[in-house]
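Hydrogens, waters and symmetry mates are skipped; everything else that's a heavy atom, side chains included, is used. Just so we're clear, the structure is a prediction, and the values are computed from it rather than from any experiment. Labels below follow one simple rule: chain letters A, B, ... track the order of the sequence lines, proteins then strands, and each chain is numbered from 1.
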Amino acid sequence: MKEFFQRLVSDKVGLIGFIGILLVIIVAVLAPVIAPYSPDRMFTEHTLEGPSSQFLFGTDELGRDIFSRTVYGAQVSLQVGLIAVGIGATAGLIFGLISGYFQGKVDQVIMRVMDVFFAFPDILLALTIVAVLGPSLTNTMIAIGIVFTPVFTRLVRSAVMSVKENEYLTSAVAIGVQPVKIITRHITPNIMAPFIVQITLALSGAILTEAALSFLGLGVQPPDPSWGVMLNASRTYMEFAPWTILFPVSAIVLTILCFNLLGDSLRDLLDPKLKQ
Amino acid sequence: MAKNLTAILKGRGTLNTVLDIKNLSIEVNTKKSKYNVVEGVNLSIGKKMKYGIVGESGSGKSLTSLAIMNLLPDVLKVSKGSITLNTEKSKELTKLSKREMQKIRGNEISMIFQEPMTALDPLYTIEHQLLEVLKFHTNYSKKEMRELGLDMLNKVGISRGKEIFKSYPHQLSGGMRQRVIIAMALICQPKLLIADEPTTALDVTIQAQILDLMNDLSETHDTSILMITHDLGVILETCERVAVLYAGQVMEETTVEQLFTNPSHPYTQGLLKSIRSLGDHKNTLYSIPGNVPTPAQYENMGCRFSSRCPHAMEICKSKEPSMYTVEKDHTSKCWLHEEEGVAYG
Amino acid sequence: MADTAYAIEVKNLKKYFPIKGGVLKKTIGNVKAVDDITFNVKRNETLSLVGESGCGKSTTGRTILKLYEPTSGEIFLNGQKISDIPRGKFRRMRKDIQMIFQDPFSSLNPRMTVRSLLLEPLLTHKLASRKEANELVGEMIEKVGLSKEQLDRYPHEFSGGQRQRISIARALIVKPKVVILDEAVSALDVSIQSQILNLLIKLQEEFELTYVFISHDLNVVQHLSDRVGVMYLGQMMELGETKDIYNNPLHPYTRALLSAIPSLDPYEKKERIILHGDVPDPSNPPSGCPFRLRCPKAHDRCAEEKPRFLEKEKNHWVACHLFDE
């Protein structure tokens, strides 16, 4: 672990991503301390004001402080990202392990179902699921989780199949280790590297999907301060009040950039072939 | 003594050698570490000579061959010494540009590798791959090239050349592929053929075929062979002279006959003893104790074999021995030879 | 119940791998990896299976271990028929028969310490409490020539020879009766190879083990084995005591194989039999004797009739028409 961090530090790009994500997390956790106002408080005499010392990022059409809303928005984004990816990754891990380890008919069935999901564009699939479940924060997370399941399943399945080629698996079977323990002790730890990389990249995807769904009015519902909701609201005013769109967009772009930077650098760091 | 040897090598080098390696060192150079993986290798290969380099994994034998071909991976480079190729005129290979080296590879020096499965491109027919070498190095017409190609396949023992021409690598067996690779290597009549473990991946009956073939071809084609292997049996089958590499250094260099009848270096003696004791059924095998040092340990270890040597003395652990001439055409890098008499023991 | 003087008995064992093809993935043929072989291994003896790649020696070993299900035939382990025990049930019997693999780099899980690698078999078969197991692990690691201090390291911190010692410890810690060694020293350097061979012989005496040694290296096989079986294209060509096989080989294939070993004596001029051609495709073997296409002594009968496996001399079996008149 220590060695891992040393290497992460020596990789400048990955470090930038890592620090960026750390900042987003700190901001989200300390939102009540950092934000000067409640995200819902309306300063009715200050609607659509530009950035000033009182309102750092300006105000929106209802006179709410955009800085405070952006800060609280980090909470929503991270929450959606973590829970949605948690759902997708867990489901994908289970399906992928079963599929890759047992192969045969089970594998056929699981993979064909995943193929069906894969046939839809991510956002369309998420839209459909939300439309069926009804728009809300929880349903957004479930929808994104389902959308990400096939990616994780495929990744885990192929990783399991390549780990199975190793003689240490045959050795475990020959020793008489129980199938469950073979999966948990011998296979799972050895597929973690690509899995963790995929989680990092999926987090950025989830945050983006949430923003898109909320922008379309099917995700987080106003007045909750999601970055996507803020974008949606600012559509009408962005020509003469560009700050209403500039700050939430920057927040989305920077957060996603950080996750992608970290993901790419993890991919290299965790690849044992590139270790030397 | 050491001076004497250099003089001998120098004399030999200018007359009728094909390849001369002098004091070759190869260095690993990464951000973290910097050390020599091959150090002070001297060898010269005469015309039509079959020269063997024998060593265990990590001895630097393959790196030496890659250095000759100028194919070392990026983290490695030749840090000292020279590699001279004497064909029509002498060329210093370490100083050539990439382009100049490309003209030499496959034309004046060819190389065959261990793995006959991956050395051929799966997407092209044998004909395409065999004639590509000719296309690159000669100006023959298509018809001439085909004739030459078929002739070459015939020489490596493939009689159904026309059929093989149309096949793809995966359709051939391991032995057949290695024959095709040898044909590719020899089609431009190189002066030197480097064979890096050419039979290690093959079965013993196929190995016998291939070694036989290589012996024949070096006779008929005026080609010198540099055979790189871990198998002393292969050396005895094919070579005339041999250098024993251990931990990046030449430990002993002599004729094959002398190596097998009068090995001088304790490492060579140990190797031969342990292989020969295989004949005694179920008795305890003679074995060299311990493990090969890693390159990071080379520094300050005196003689690199000292940690495993049954004859190790105080001096062996602190100071590296030089190459001593123990008899005509026979050098050995061991402190035991410093006092005359011990050397022949 | 079979005769229990034998640790292993194999009767008419066949292992075919189906070749699937076409759109519907129908079986269009079989690779006859092991085609009707019969042999047995006495207690505490070393039987070697030799042959070139594709001869079925590894498949035989893995089928005995029930890593593959046999296509037909019977396998007995210590007198008990194991060929028809379902694999799930056989799991608990695996402590009696262990395996050591060729590649010391891929046969140890890189994410487990040596300690957990050695604890795993003991705890899996519930052979000891955790405390006792830890003591046993300490004893075993010293038996294979490593030290207790090295127990908490990971496999990549060891050299090839040391890793093979760890594999040996892992296989022997459950006190098996039979060990299948699949090219167990082939990947090692000469100087390390002899260390490991000595260790294997020492441990065989100490633990009263029965070895099935699978190898293509005829020098090593000669040193280690009591008896040798020579395989070709899934069939047993010759089987006998080591000295008989090496000093008096009967089958033309065995003779060619032995003559192909590079000599280590510069003055020995041995007559070499160079075999022509390659091993035929095991999915489409020749009729009659599998070796006839490369055999210098092949005659008409070899194409028509498969030679019987006969005991030509005492304990010396051969499948060749030259010896069946």
Would you mind checking which part of [X] comes under 4.5 Å of any heavy atom in chain A, side chain (CB onward), backbone (N, CA, C, O), both or neither?
{"X": "Leu123(C)", "result": "neither"}
{"X": "Leu108(C)", "result": "backbone"}
{"X": "Met112(C)", "result": "side chain"}

(message) Quick one, Arg170(C) and Ser171(A) - any side-chain contact, counting heavy atoms below 4.5 Å?
(response) yes
Restricting to non-hydrogen atoms, name the atom on [X] and the atom on [Y] that form the minimum distance, rounded to 0.1 Å.
{"X": "Asn190(A)", "Y": "Pro110(C)", "result": "OD1-CG, 3.5 Å"}
{"X": "Pro179(A)", "Y": "Arg91(C)", "result": "CD-CD, 4.3 Å"}
{"X": "His125(C)", "Y": "Gly176(A)", "result": "NE2-CA, 4.1 Å"}
{"X": "Arg62(C)", "Y": "Thr170(A)", "result": "NH1-CG2, 3.9 Å"}

Go through [options] and name the one with the most non-hydrogen pairs under 4.5 angstrom from chain A.
{"options": "Ile100(C), Leu65(C), Leu67(C)", "result": "Leu67(C)"}
{"options": "Thr124(C), Val174(C), Ile180(C)", "result": "Thr124(C)"}
{"options": "Lys66(C), Met93(C), Gln102(C), Gln98(C)", "result": "Gln98(C)"}

(message) Quick check for you: to the nearest 0.5 Å, what is the distance between Asn166(A) atom CG and Asp103(C) atom CG?
(response) 9.0 Å
(request) Calculate, to the nearest 0.5 Å, the distance between atoms OG and CD belonging to Ser107(C) and Glu167(A) respectively. (result) 6.0 Å
(message) Quick check against the 3.5 Å criterion: does Arg94(C) have a side-chain atom that pairs as donor or acceptor with the backbone of Ile175(A)?
(response) no
(request) Answer yes or no: is there an ion pair linking Glu120(C) with Lys181(A), defined by an N-O contact shorter than 4.0 Å? (result) no
Does [X] have more than 12 heavy atoms from other residues, nucleotides or ligands lying within 6.0 Å of its [atom1]?
{"X": "Lys175(C)", "atom1": "NZ", "value": "no"}
{"X": "Gln178(A)", "atom1": "CD", "value": "yes"}
{"X": "Arg112(A)", "atom1": "CZ", "value": "yes"}
{"X": "Phe120(A)", "atom1": "CZ", "value": "no"}
{"X": "Arg92(C)", "atom1": "CZ", "value": "no"}
{"X": "Phe259(A)", "atom1": "CZ", "value": "yes"}
{"X": "Phe90(C)", "atom1": "CZ", "value": "yes"}

